[in-house]
2 protein chains.
Amino acid sequence: MSRAIPTPGLPPTAALLPVTVDVIGLTVRGGVLQVLLVQRLLEPFAGVLALPGGFVLPDETLEAAAARELVEETGVAPPGHLEQLRTYGPLDRDPRGPVVSVAHLLLAPAFGLPAAGGDAADVAWHDVRPLLAGRGGAGRALAFDHARILADGVERARAKLEYSALATAFCGTEFTVAELRSVYEAVWDVRLDPRNFHRKATGTPGFLEDTGRTTSGGTGRPAALYRLAEAAGDPAAVVLNPPLMRPDA
Amino acid sequence: MSRAIPTPGLPPTAALLPVTVDVIGLTVRGGVLQVLLVQRLLEPFAGVLALPGGFVLPDETLEAAAARELVEETGVAPPGHLEQLRTYGPLDRDPRGPVVSVAHLLLAPAFGLPAAGGDAADVAWHDVRPLLAGRGGAGRALAFDHARILADGVERARAKLEYSALATAFCGTEFTVAELRSVYEAVWDVRLDPRNFHRKATGTPGFLEDTGRTTSGGTGRPAALYRLAEAAGDPAAVVLNPPLMRPDA
DNA sequence: CCGGCTTATCGTCAATACGACGACAACGAA
DNA sequence: TTCGTTGTCGTCGTATTGACGATAAGCCGG
């Protein structure tokens with residue numbers, strides 16, 4: 001069924017192309033930005049690390065395909081925020097021939113992965129930093145053009161933290177200002193002044209909402225628990241004004 | 001040749017989809033933001049206004065396809081800046097069936113269109129404002145989901161003017177500060193204070209470069225002519241720091 | 001040649017935002 | 001109790017912004 005021509009009435013010059021979705025799944029664990037990668041089982045690039053992804057099925061949306069691939073490869077339905085990143089052209093990507101790939105970005109709190117060796121290929125979190133460093137370390141390279149796609153995704157995430165509430169997508173529903181700051185520090189790979197960050201985060205209208213409760217048990221003074229302000233639904237919809245700008249590099 | 005399966009060795013569940021490129025060609029004429037639209041000749045949506053675009057050919061890049069479609073439909077190779085916008089999913093877009101469409105954004109100085117009624121369908125500039133107003137005016141609706149795509153493109157352009165030098169893509173190689181301000185005013189649909197804008201534009205490092213020459217002949221005091229600063233090539237690559245923020249709506 | 005009109009450019013000023021950093025609060029541990 | 005740690009509030013000097021006055025430098029009609 002799948003390879004039949006899906007749309008009669010199209011000009012004969014139109015190419016029918018295989019379309020895939022790839023997912024850049026980012027999270028923050030231990031103060032470090034990490035990405036979800038699988039080890040490929042099949043050629044091409046068998047054994048090499050790659051972004052999870054796969055072919056779009058005949059009757060599904062791009063976003064649905066991305067969500068489905070995530071479930072298939074991680075074994076769970078990840079929480080967090082999923083958005084389209086950009087599309088990578090059909091040429092010079094896959095040795096098998098032209099393939100169009102629509103990359104998606106998932107920003108999620110750290111979630112557990114089922115025991116390795118399940119149905120899908122080995123899937124695990126990997127530190128982003130060495131992967132962005134380029135052709136530095138051996139064996140660190142990603143399959144296809146996934147290194148470039150990852151770089152684009154990280155840059156998108158970094159930019160979006162500035163002017164949207166997307167950083168909260170990395171946290172649970174309730175979080176402290178310090179946890180939120182840790183997200184910014186991990187994604188931007190910088191250190192931020194806790195006092196200035198606190199002032200900025202709590203002072204930006206429409207961003208944070210005090211739950212009235214506090215943490216307990218940890219070391220140091222208990223911290224107030226916040227959640228994303230009302231407008232909720234999609235944290236990407238919240239416009240931070242003024243924005244939280246990252247320091248110059 | 002075209003409908004042959006391009007990539008043997010793919011899983012049989014993969015769908016082969018027709019892929020199109022659409023172009024949102026924006027310009028500023030007479031202080032108003034305008035978009036390049038064609039009148040469709042064929043069904044579906046015959047006679048309705050639509051974004052120029054067409055199917056991707058077997059052996060071309062997405063960006064190449066967008067550029068080719070522009071040449072075919074306008075009769076000239078438009079100047080300006082072309083970038084990918086985003087991709088619209090295969091379902092519920094085209095009555096003929098699933099189609100993936102990769103929208104591109106062209107920001108260009110006003111360029112002349114060959115006499116209407118040429119080889120391609122009627123192509124012309126249209127004011128953006130009434131098209132964004134939604135289902136307001138009769139006959140103003142665009143084909144397919146192009147109204148939504150146009151809205152996304154305009155929003156992208158508006159955002160990019162803030163933190164990149166992309167506004168210069170709407171101008172010729174040399175321009176006055178007033179012309180540049182007119183671009184911002186048209187795209188953002190606001191009025192900006194000429195004195196503050198002048199201070200900001202000329203004071204932002206890496207943005208404008210004085211040519212030393214001035215305009216002449218016009219009304220009022222002659223204005224200094226500027227060009228985009230060295231780093232040139234792609235104005236989108238110039239990062240405005242601090243950014244030129246649009247006023248709150 | 002002269003005001004008058006128009007547009008360009010420079011300055012001033014108050015309000016605001018930001019980075020650096022001091023001070024205090026509130027917890028657990030010793 | 002004292003200390004170490006982390007969270008929260010303030011202060012201060014600087015940079016940026018928006019509002020707006022003032023001046024410069026061309027055209028135009030008398």
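Heavy-atom basis, side chains included; hydrogens, waters and symmetry copies ignored. Residue numbers start from 1 in every chain, and the chains themselves are labelled A, B, ... in the order their sequence lines are given, proteins ahead of strands.
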Any sub-3.5 Å donor-acceptor pair from Asp210(B)'s side-chain atoms to Gly212(B)'s backbone N or O? yes
Residue pair Asp22(A) / His104(A), side-chain donor-acceptor N/O under 3.5 Å: no
When Asn196(A) and Thr176(B) are each assigned the nearest nucleotide of DNA chain C, the 5'-most assignment goes to Thr176(B)
I'd like to know if Asp152(B) pairs up with Arg156(B) as an ion pair, taking the criterion as any Lys NZ or Arg NE/NH1/NH2 lying under 4.0 Å from an Asp or Glu carboxylate oxygen. no
Using heavy-atom distances to pick each residue's nearest nucleotide on DNA chain D, tell me which of Pro242(B) and Gly220(B) is more 5'. Pro242(B)
When you get a sec, tell me which of dC21(C), dT9(C), dT8(D) is the closest nucleotide to the side chain of Val177(B)? dT9(C)
Is there a donor on the side chain of Arg221(A) or the base of dG7(D) sitting less than 3.5 Å from an acceptor on the other? yes
Looking at Lys200(B), I'd like to know whether one of its side-chain N or O atoms comes within less than 4.0 Å of OP1 or OP2 on dT17(D). yes
In terms of side-chain heavy atoms of Ala223(A), which of dT9(C), dT8(D), dT12(C) is nearest? dT8(D)
From the set dT8(D), dA8(C), dC18(C), return the single nucleotide nearest to any side-chain atom of Ala224(A). dT8(D)
Round to the nearest Å and state the distance from Asp248(B) atom CG to dA19(D) atom P. 11 Å
For dG18(D), does the base pair up with any side-chain atom of Arg195(B) as donor and acceptor (N or O, under 3.5 Å, distance only)? no
Between Thr219(B) and Asp193(A), which residue's closest nucleotide on DNA chain C lies nearer the 5′ terminus? Thr219(B)
Could you state the atom-to-atom distance from CZ of Phe197(B) to C1' of dT9(C) in whole Å? 14 Å
Rounded to the Å, how far apart are Asn241(B) CG and dC18(C) C1'? 13 Å
Minimal non-hydrogen separation, Ala186(A) against Gly31(A), with atom names: CB-O, 3.4 Å
Between dT9(C), dG7(D), dG26(D), which nucleotide gets closest to the side-chain atoms of His198(B)? dT9(C)
CE of Met245(A) versus P of dG19(C): gap in Å, rounded? 9 Å
What is the distance, rounded to the nearest whole Å, between atom CG of Leu192(B) and atom P of dT9(C)? 16 Å
Taking Thr214(A) for the side chain and Ala224(A) for the main chain, is one N or O donor matched with an acceptor at less than 3.5 Å? no
Rounded to the nearest angstrom, tell me the gap between atom OH in Tyr226(A) and atom P in dG7(D). 12 Å
Rounded to whole angstrom units, what separation is found between the CG atom of Leu225(B) and the P atom of dA8(C)? 11 Å
Calculate the interatomic distance between Arg181(A) atom CZ and dG19(C) atom P; express it in whole Å. 14 Å
